[in-house]
Amino acid sequence: METHDVTVFDLYPFTVGQKINIEGGPRKGDWEVVAVTDRKVRLRCPFSGREFDWNRFCYVVDERTGVPWPGKE
């Protein structure tokens, strides 16, 4: 059997109250997780307070400690 390098992705196990930073794409920036279901995640902007429901979409790239949150608006 032939083998290949394969990149494997999985949904991130969000938890309510978690502070996250999305580094790219249309959802780029700082967010707080306010609700999670099997299919959706609700995120709150720490600056405007607006909340958005999105299909679960994120994957872990890196986990950092001691990072100021939220960053600059």
Handout entry: Main-chain N/O of Y12 paired to R56 side chain as donor or acceptor, under 3.5 Å
Key = yes
Exercise for the section: Give a yes or no on whether a salt bridge exists between D53 and R42, defined as a side-chain N under 4.0 angstrom from a carboxylate O. Expected result: yes
Problem - W54 and W31 aromatic centres sub-6.0 Å - result: yes
Problem - Sub-4.5 Å side-chain heavy-atom contact between V34 and L43 - result: no
Handout entry: Side chains of V41 and N55 in contact at under 4.5 Å (non-hydrogen atoms)
Key = no
Exercise for the section: Answer whether the closest heavy-atom distance between the side chains of F14 and I20 falls below 4.5 Å. Expected result: yes
Completion exercise
Separation between CD (E32) and CZ (R44), nearest 0.5 Å, reads 5.0 Å
Practice task
Find the distance between NZ (K28) and CD (E23) and round it off to the nearest 0.5 Å.
Solution key: 8.5 Å
Handout entry: Gap between atom NZ of K40 and atom CZ of F52 - 0.5 Å precision
Key = 13.5 Å
Exercise for the section: Please name the pair of heavy atoms, one in V16 and one in A35, separated by the smallest distance, quoted to 0.1 Å. Expected result: CG2-CA, 4.0 Å
Problem - F47 to K72 - nearest heavy-atom pair and separation - result: CZ-C, 4.0 Å
